[in-house]
Amino acid sequence: MNDIVLNVENLCISFLYNKQYYPVTRDVSFEVHKGEIFGLVGESGSGKSVTAKCILRLLPKRSSEVTKGRIIYDGKDILRLPFKEMYRIRGNNISMVFQEPMTSLNPVFKCGDQIIETIELHQKVSRSNAYKMALDMLKLVSIPMPERRINNYPHELSGGMRQRIMIAMALACRPTILLADEPTTALDPTIQAQIMELLKKLRDELQMAILLISHDMAVIAENCDTVAVMYAGVVMEIADVYELFENPIHPYTKGLLACIPDIKKEVGVLTGIPGYVPHMSEISKGCPFCTRCKFSTELCCEQLPSMRGTVRHKVRCHHFGLTAAKEVPE
């Protein structure tokens, strides 16, 4: 389709651990369309942030390697671009809002100077013009008294304000794609809602695509158009957001949704998925969820299932597919 702005194909990433490389993602594939908010959801350690950092080629070279796959942007494979060309794309065409703004912002520089530096590096404008553009960005992300806040240090601002500074910095060059890595983490619910409304507003104004990474199913349900569910480095299910929440197929997806408390029901013991996400050195060559899945068989532990389904809904499971959607036990 002509409106695809980012295409990740069969991405396999390995990390060095105890002098040996272990896979942290396997055959990750998805497409992000223009103006779409694409959600990447899963437990901590499922490979969401690793995938996003790989898109910007920010993974450490000495301890990681891409063993397979392509990341197509503007008809080019990002993984094989020369450094200078990738440097122009990073921050200018594809930008990222990192987790924990307090650790992402430099504490010894004013917030405005950090935004100005980004604009000067990529837009090649004068300092005075960069200052005006930075001020406009602060207004765009709805920071009150921007003329004053531009001279504040990160520690002088609240968590919500710092997150808005990070968003302003990421959007300073009007990118085509924004990678938002858990942009509402550690924020109050009201501030979370404001940040997400801001991202949707900027998406509409700038006509950019957003890759939204989160472990919060409520945030994903309310804001995304398409959702990919990841577990231990593997995409288990991809679907339109309404289809995923109305008709989840993979046992892991159903388990995640079952963990959400229902305010209409009497409070009791909260549902959880038994076990834990395996360490990269413990993952078998089969389905990574096989050790926690009650439907697991020998085939699941020996062979990684392929992704199958329709354009709107795909699932990676040996036992359950779209034809058996209504037969998946609760």
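All of these numbers come straight from a predicted model, not from anything done at the bench.
The main-chain N or O of Cys12 is never found under 3.5 Å from a side-chain atom of Arg26 such that the two would form a donor-acceptor pair. The backbone N or O of Glu9 lies less than 3.5 Å from no partner atom in the side chain of Ser29, so there is not a single donor-acceptor pair. No donor-acceptor pair closer than 3.5 Å links the side chain of Arg57 to the backbone N or O of Met86. When atom types are taken as modelled, the side chain of Thr310 and the backbone of His313 share a donor-acceptor pair closer than 3.5 angstrom. Without hydrogens or angle criteria, Asn18 side chain to Gln20 main chain gives no donor-acceptor distance under 3.5 Å. Formation of a donor-acceptor pair under 3.5 Å by the Thr118 side chain with backbone atoms of Gln114 is found in this model. Looking only at distances, a side-chain donor or acceptor of Glu282 sits under 3.5 Å from a matching main-chain atom of His279. Side-chain atoms of Ser64 come within 3.5 Å of backbone atoms of Pro60 as a donor-acceptor pair (strictly under, hydrogens ignored). Looking only at distances, no side-chain donor or acceptor of Asn93 sits under 3.5 Å from a matching main-chain atom of Pro175. Put simply, the side chain of Thr25 gets close to the backbone of Ile13: a donor and an acceptor are under 3.5 Å apart.
Here the rule is side-chain hydrogen bond (donor to acceptor under 3.5 Å, both in side chains) with Asn223, and of Lys200, Glu197, Arg203 only Lys200 fits it.
Side chains of Tyr73 and Thr176: a donor on one and an acceptor on the other come within 3.5 Å. Ser49 and Asp181 share a donor-acceptor pair across their side chains, judged by distance under 3.5 Å alone. One side chain, His215 or Glu182, offers a donor N or O that lies under 3.5 Å from an acceptor on the other.
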Checklist line | Working for ring-ring contact (aromatic ring centres under 6.0 Å, His included), residues His33 and Phe38 | finding: CA-CA 8 Å; His33 298 260; Phe38 187 96; 8.7 Å; no
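In this structure, CZ in Phe83 is found 11.0 Å from CZ in Arg88, a value given to the nearest 0.5 Å.
Contact check on Arg316 versus Glu237 returns no salt bridge, with no Lys/Arg side-chain nitrogen under 4.0 Å from an Asp/Glu carboxylate oxygen. A salt bridge is absent between Asp77 and Arg70; no separation between the charged side-chain nitrogens and carboxylate oxygens falls under 4.0 Å.
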If you look only at distance, which donor and acceptor atoms sit under 3.5 Å apart when one is on a side chain in residues 153-160 and the other is two or more places apart or in another chain?
{"from": "Glu156", "atom 1": "OE1", "to": "Asn152", "atom 2": "ND2", "distance (Å)": "3.4"}
{"from": "Glu156", "atom 1": "OE1", "to": "Tyr153", "atom 2": "N", "distance (Å)": "2.7"}
{"from": "Ser158", "atom 1": "OG", "to": "Met161", "atom 2": "N", "distance (Å)": "3.3"}

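Between His250 and Tyr231, the distance from one ring center to the other does not fall under 6.0 angstrom.
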